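Note: hydrogens, waters and symmetry copies are ignored here, and every other heavy atom, side chains too, is used. Predicted model only: the values in this text are computed from it and were never measured. Just follow the structure's listing: the first ligand is 1, and inside any ligand the first atom is 1.
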Amino acid sequence: MNTTCSTASSLASTFAPLPHFDKPTYLMCPPEWYDVNYVINPWMAGNLHQPARDVVFAQWKNLYQHLQQIADVRLLPARKGSPDMVFVAHAALVQHGVAAISSFAHKQREPEEQHLRKWLQDAGFLLWETPRETSFEGEGDALFDEKGQHLWAAHGVRTCKQSHKHVADAWHVGVTSLHLMDPRFFHLDMCFAPLGLGHVMYFAEAFDAASIKKIEAAYPAEKRIVVNEHEATQFACNVINIGDRILMGKVGTDLASRLRRLGYDVAELDLSEFQQSGGSAKALALRLSDSNVVAEKQNVGNRQ
Ligand code: ARG
C-alpha cells in the first residue's frame, strides 16, 4: 500500500467528442476469472478460493438482469490474472463524459487500471489520470451527491487524502473529505450512500467524529438513514441507486422495508459469493451516465 502522497498530476486527452447518455448507463465486468486469490481486506481472510463458480455466475447474472431493467448495461471483458476486476466500480469515477482513472493502493489490482482505461478511451471518455503516489480507488472512495454537484471522498485505508482535490478538479466541483476508521469498511461505498430522494444511508462508526459532523451538517436528521453494525457488515450501504430504485445484497433486517416506507423501490439480491471478497451490488457496476440521470418512470420495468 502507498504510504507517501504527492500532488503530481497528468491529463490524458483523447480529443474525442465526449459521450453523453440520456438513460442511466452502467459498466459491468463478468466474473469469468473472479476468485479470492489473495488477501487485501479483512473479508477475504479465510475465503481463499472459496467462491463457487456456478453460484458466482448465477448471482452476477441475476444482478446484471435486474440492472438491465432500470439501466443500459455495457460489458468490460474480464482478464485472467485480475480476479477482482469484477468489482469494476473501483477502477474509475465517471461524470460528464470524464473518467478519473484509479491508482489502486494494492499491486494486485493495478493491472485492472489499464483494461478499463483502454475501454473508456475507446468509448470516447476524456481521461483524468491520478498519480500512483496518491492512491485513488474510484467509486469505491468517491461518490457524487444526488444532484451530481458535490463530491464526497474518503481516505484512511485505500485512497490517499491528497488525491481528493486532484480528482474533484476533473469536474471543478467541491469535495468533502471523510476519514475511515475501521478496516472492515475500507471503502466509502461500504458505509456511505447518498440516495436519489435526498437521503444519505450510512454507518456512523466507520468514520471519525469530525467526518460524522460533516455528514450531519449536510443532511438534516430526517434525511439520514443510519444503519447498525449488523446491517453494515451485511453490506447494507453497498447499493446501486438510480432515482428511487435500489438494488442491494440481502441484509436480513427491516432495512428494505424502512427504505420502501421512504419511497424507494428495493430489490434484495443474494450476492454472498462476492461478499466473501468484500464487495456487494455497488462494487459490481460502474456508473457511466451522469449521476443525476434517472430512467423515465413509465419505462422502468418495461425493458427485459
Ligand atoms: N476484493 C476487493 C478489494 O479488496 C473487493 C472490494 C470491495 N469493495 C467495496 N467497496 N465493496 O479491493
Side-chain angles (χ1 to χ4, degrees), residues 1-2 26-29 31-51 56 59-60 63 76 78-79 81-93 101-113 115-116 130 135-144 152-160 178 180-194 201-203 206-207 227 231-241 246-251 269-287:
M1 193 184 301
N2 295 317
Y26 283 74
L27 184 67
M28 290 183 71
C29 177
E32 203 176 336
W33 303 103
Y34 167 67
D35 200 355
V36 179
N37 287 359
Y38 44 74
V39 176
I40 57 171
N41 72 53
W43 305 94
M44 299 171 97
N47 285 330
L48 278 176
H49 307 300
Q50 286 307 301
V56 161
Q59 291 183 351
W60 183 90
L63 176 66
L76 172 68
R79 298 295 184 118
S82 285
D84 273 334
M85 200 170 162
V86 70
F87 300 117
V88 66
H90 309 142
L93 173 69
I101 307 291
S102 294
S103 284
F104 279 103
H106 292 286
K107 284 258 171 265
Q108 290 93 331
R109 296 200 65 180
E110 270 181 33
E112 299 174 36
E113 296 163 13
H115 304 311
L116 182 62
T130 61
S135 51
F136 166 65
E137 297 209 348
E139 273 189 22
D141 271 327
L143 298 168
F144 279 94
W152 292 95
H155 63 98
V157 188
R158 295 283 181 89
T159 289
C160 197
L178 301 175
L180 298 175
M181 301 301 287
D182 182 332
R184 292 174 300 170
F185 304 99
F186 55 91
H187 273 154
L188 181 64
D189 72 357
M190 302 179 76
C191 47
F192 181 87
M201 181 161 65
Y202 67 112
F203 173 54
F207 299 95
V227 306
E231 291 167 331
T233 57
Q234 303 304 309
F235 300 86
C237 295
N238 202 245
V239 303
I240 298 175
N241 167 235
I246 290 179
L247 303 181
M248 66 196 299
K250 283 208 165 88
V251 177
L269 313 173
D270 190 353
L271 294 168
S272 55
E273 300 305 296
F274 299 99
Q275 293 172 357
Q276 295 191 33
S277 186
S280 194
K282 168 86 180 62
L284 293 166
L286 174 70
R287 180 181 49 73

Holding to ring-ring contact (aromatic ring centres under 6.0 Å, His included), I want the full list of residues that pass it with Phe192, two or more places apart in sequence or in another chain.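 Listed in chain order: Trp152.
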Under the salt bridge (charged side-chain N to carboxylate O under 4.0 Å, His left out) test, which residues partner Glu273, sequence neighbours left out?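 For Glu273, no residue satisfies salt bridge (charged side-chain N to carboxylate O under 4.0 Å, His left out) once neighbours in sequence are set aside.
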Side-chain contact, heavy-atom cut-off 4.5 Å: Trp60 with Leu271?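 With C-beta onward as the side chain, the pair stays apart.
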Contact between Leu143 and Leu188 at the side-chain level, heavy atoms closer than 4.5 Å - yes or no?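 The answer is yes; the side chains approach within 4.5 Å.
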Can you name the residues that form a side chain to side chain donor-acceptor pair (under 3.5 Å) with Gln234, not counting sequence neighbours?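 Here no residue qualifies.
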Write out the protein residues near ligand 1, meaning a non-hydrogen atom under 4.0 Å from one of its atoms, in order of chain and number.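 Within 4.0 Å of ligand 1, protein side: Ile40, Asn41, Met44, Asp84, Phe87, His90, Arg109, Arg158, Phe186, His187, Asp189, Met190, Asn238, Ser277, Gly278, Gly279, Ala283.
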His187 and side-chain hydrogen bond (donor to acceptor under 3.5 Å, both in side chains): which partner among Lys282, Glu139, Glu137?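 For His187, the side-chain hydrogen bond (donor to acceptor under 3.5 Å, both in side chains) check succeeds only for Glu137.
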